[in-house]
Amino acid sequence: MRIEEDIKLDYKDVLFKPKRSKLESRRDVRLERTFKFHNSGQEWEGVPIMASNMDGVGTFSMAKVLQKHKMLTVMRKHYTVDDWQKHAKGVQMKYVSVCTGTSAIWNEDAVDYQTMKAVLAMYPDIPFITVDVANAYHENFGHFIAKIRDQYPDKTIIAGNVITGEMTEELIIRGADIVKCGIGPGSVCTTRLMTGVGVPQLSGIIECADAANGIGGHIVADGGCVYPGDVAKAFGAGAHFVMLGGMLAGYNESDGQVVDGKIQFYGMSSDAAMVKHGSRKDGYRGAEGKVVSLDHRGPVDLAITEILGGVRSACTYIGARRIKDMPKCTTFVRCLNNVNTVFGNS
Ligand code: 5GP
């Protein structure tokens, strides 16, 4: 047994230290970034914030709003080819990723994988493939990424989840371009309670970004953002992209059954998701996600304006003209208490 003695940090454990700045207004900040990806060799320009592939947020209507802000949507993996044919009209494919799980490791005919292939054949302009599994530390996940890289040499592959440097490197070496980083920080995730596994997200991102930068890869900080300031902190910590689930849930463009006037938002490893998608309850698998009931929050555009406004403002406080400059302009101060809670937390 070994213990790493230094305390690992989460978003709530730090604040940006404000710095003297030459920026005159928030308008001087550029949120778009241009990336050139290590394995696909492709370039992409946009605002590096993406909707998660969760049922509740990775929807066609979400994509139609996010694309106006040049933000990405990873589409939920359970959409059928028929769904794509019916609802993809008006979606700009440049801002979309398809998504598959890993069932094809055992069965090439797995529905999610075959759907992904069919969708890519129908919409060849989709630049991204997301390969999503709760625990990407298995040897066969690396083999699977290598196989997809061979099949789709020009697609930019987002793969995960992991939260350590060595596995970030491994996935990039196997063919991933953007490694999805986060084990257990999610709003409807219970992995840390069920298994005791995880690394606090801010420290995890710092480690994974450092590993990816070393070999020309990129990472997306996936999960754990509660406030716009957390998105800014993820960029400050070195994340190239940030993925959001709960912050985009419960809006007009989100999805979820309405029960007693409340919108149901569930984790993709929850019992609710397993029942909905007919996943195996084989006696070995416990649920690692939960269901929450949300008040209806209105149009998601309001949330996007808040998020982008928060990141912009953070940039002006630290003197970063571009998101790309945030890590080099960032000094975090550790804190025990970062908000005044007289009137609650928000
Ligand atoms: P959020 O932005 O809501 O904090 O986190 C979103 C992320 O949580 C997703 O992108 C995904 O990686 C993760 N996630 C979604 N559902 C589940 C679940 O049921 N269990 C676990 N462990 N993680 C989940």
Side-chain angles (χ1 to χ4, degrees), residues 10-12 48-59 62 66 71-78 97 99-102 128 130-137 141 158-163 171 178-202 204-205 208 219-235 239 241-251 254-256 263-277 279 281 285-294 297 300 303-304 306-307:
D10 228 317
Y11 297 129
K12 68 170 181 23
I49 301 175
M50 57 179 90
S52 166
N53 52 291
M54 296 170 76
D55 284 2
V57 296
T59 65
M62 186 67 72
L66 264 52
M71 291 162 63
L72 276 163
T73 302
V74 181
M75 307 303 289
R76 49 197 274 192
K77 65 182 161 220
H78 299 286
S97 174
C99 181
T100 179
T102 53
F128 298 96
T130 299
V131 191
D132 175 63
V133 68
N135 171 5
Y137 281 79
F141 186 79
I158 305 171
N161 281 32
V162 302
I163 194 61
L171 294 182
I178 305 170
V179 177
K180 215 148 85 71
C181 297
I183 298 281
S187 56
V188 281
C189 161
T190 56
T191 293
R192 291 178 183 172
L193 299 176
M194 287 296 289
T195 67
V197 176
V199 174
Q201 189 70 347
L202 185 98
I205 291 166
C208 294
I219 68 155
V220 51
D222 176 19
C225 289
V226 181
Y227 305 107
D230 296 338
V231 179
K233 288 174 189 177
F235 286 128
F241 292 82
V242 178
M243 178 176 268
L244 303 175
M247 283 184 77
L248 302 179
Y251 291 96
S254 319
D255 197 15
I263 300 174
Q264 308 293 296
F265 176 57
Y266 52 83
M268 297 310 296
S269 305
S270 63
D271 276 334
M274 288 194 240
V275 168
K276 177 157 182 162
H277 300 301
S279 314
K281 256 299 208 183
R285 188 192 297 237
E288 289 183 24
K290 64 183 176 185
V291 185
V292 292
S293 299
L294 306 176
R297 291 159 120 177
V300 77
I304 304 300
E306 291 287 298
I307 292 166

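We count ligands from 1, going down the list as the structure has it; atoms in each ligand are counted the same way. Small disclaimer: the values here were computed from a predicted structure and weren't measured.
With rounding to the nearest 0.5 angstrom, the OG1 atom of T130 is 8.5 Å from the CG atom of L72. Taking OG of S187 as the start and NZ of K290 as the end, the distance is 8.0 Å to the nearest 0.5 Å.
You'll find the side chain of R76 stays beyond 4.5 Å of the side chain of N53, heavy atoms only.
F241 and F128 have perpendicular rings, their planes meeting at more than 60° on a 0 to 90° scale where under 30° would count as parallel.
Within 4.0 Å of ligand 1, protein heavy atoms come from S52, M54, N161, K180, G186, S187, V188, C189, T191, D222, G223, G224, M243, L244, G245, G246, G267, M268, S269, S270, E288, G289.
The backbone N or O of P200 lies less than 3.5 Å from no partner atom in the side chain of D10, so there is not a single donor-acceptor pair.
Applying the side-chain contact (heavy atoms from CB on, under 4.5 Å) test between L244 and each of I304, L66, V57, V231 identifies V231 as the sole match.
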